[in-house]
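The structure appears below as C-alpha cells.
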Amino acid sequence: MSSTTSQEIAELEKLCEQLYNANSPQQIHEANKLLENFANSTDCLNKCKILLDRGISPYSQFISCRVLVKAISRNTVILSPQDKYDLSI
C-alpha cells in the first residue's frame, strides 16, 4: 500500500471516529460531508476493501460496509468478478 493510500486510509479512520464521537452537530455535519465525498469517489471500492481488511476502528469498518452496500444497490459501482470474489471472502 502506498504512503498516499495509507495516509488517506488513516484520514478516513479519523473521520469515522469523529463522526462516532462528535461533540457538536457541526462536527457531525463536517464528517458526514467529507465521508459523502469519499463515498462518491472513483476509488471508494478499493479504500472500502482496505478499511474492511485492515481498519482499526469498528466504526470505520461499519461505515465502509454501508458505503459499499449503498454504492452497489445504487449501481454506482460496477463490480468485476474478482471484486465480487474478494468481497465474498
Side-chain angles (χ1 to χ4, degrees):
M1 180 169 26
S2 71
S3 64
T4 301
T5 303
S6 296
Q7 291 171 341
E8 292 170 345
I9 296 300
E11 183 62 28
L12 287 170
E13 288 257 9
K14 184 178 173 183
L15 284 172
C16 292
E17 286 292 325
Q18 181 181 342
L19 183 65
Y20 183 69
N21 296 315
N23 293 323
S24 72
Q26 182 180 3
Q27 286 179 320
I28 293 171
H29 177 73
E30 185 64 29
N32 269 326
K33 183 177 157 186
L34 293 170
L35 287 168
E36 186 176 325
N37 289 340
F38 158 68
N40 294 323
S41 68
T42 57
D43 60 346
C44 91
L45 175 64
N46 185 44
K47 290 178 183 171
C48 281
K49 289 192 309 188
I50 292 169
L51 280 170
L52 287 171
D53 289 342
R54 301 183 194 132
I56 297 167
S57 161
Y59 202 69
S60 66
Q61 293 174 333
F62 173 75
I63 294 288
S64 296
C65 183
R66 296 290 301 157
V67 166
L68 281 172
V69 167
K70 284 183 180 183
I72 292 168
S73 66
R74 286 191 232 153
N75 293 323
T76 57
V77 172
I78 298 174
L79 299 175
S80 69
Q82 183 64 43
D83 290 334
K84 290 177 185 177
Y85 176 77
D86 289 346
L87 291 171
S88 71
I89 294 178

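Sequential numbering from 1 along the given sequence is applied to the chain's residues.
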Exceeds 12 heavy-atom contacts within 6.0 angstrom, atom CD1 of Ile56: no
Rounded to the nearest 0.5 Å, how far apart are CD of Glu36 and NE2 of His29? 9.5 Å
All heavy atoms of Ala39 vs all of Cys44, minimum pair found to be O-SG, 3.6 Å
Are the side chain of Glu13 and the backbone of Ser57 linked by a donor-acceptor contact shorter than 3.5 Å? yes
Full working for side chain to side chain contact (heavy atoms under 4.5 Å, CB included) between Ser41 and Phe38: CA-CA 5 Å; Ser41 68; Phe38 158 68; 4.2 Å; yes
State yes or no: do Ile50 and Val69 share one hydrophobic cluster built from I, L, V, M, F, W and Y residues joined by side-chain heavy-atom distances below 4.5 Å, directly or via other members? no
To the nearest 0.5 Å, what is the distance between OG on Ser60 and CD1 on Ile63? 8.5 Å
If you measure from CD on Glu8 to CG on Leu51, what distance do you get to the nearest 0.5 Å? 11.0 Å
Rounded distance (nearest 0.5 Å) linking atom CG of Asn46 with atom CD1 of Ile9: 7.5 Å
Taking everything shown except Tyr59 itself, do over 12 heavy atoms lie less than 6.0 Å from its OH? yes
Separation of Leu68 CG from Lys47 NZ (nearest 0.5 Å): 13.5 Å
How many angstroms lie between atom CG of Leu15 and atom NZ of Lys33, to the nearest 0.5 angstrom? 12.0 Å
Judged by atom type as modelled, is there a donor-acceptor pair below 3.5 Å linking the side chain of Gln61 to the main-chain atoms of Gly55? yes
Steps toward side chain to side chain contact (heavy atoms under 4.5 Å, CB included) verdict (Leu35, Leu12): CA-CA 8 Å; Leu35 287 168; Leu12 287 170; 4.1 Å; yes
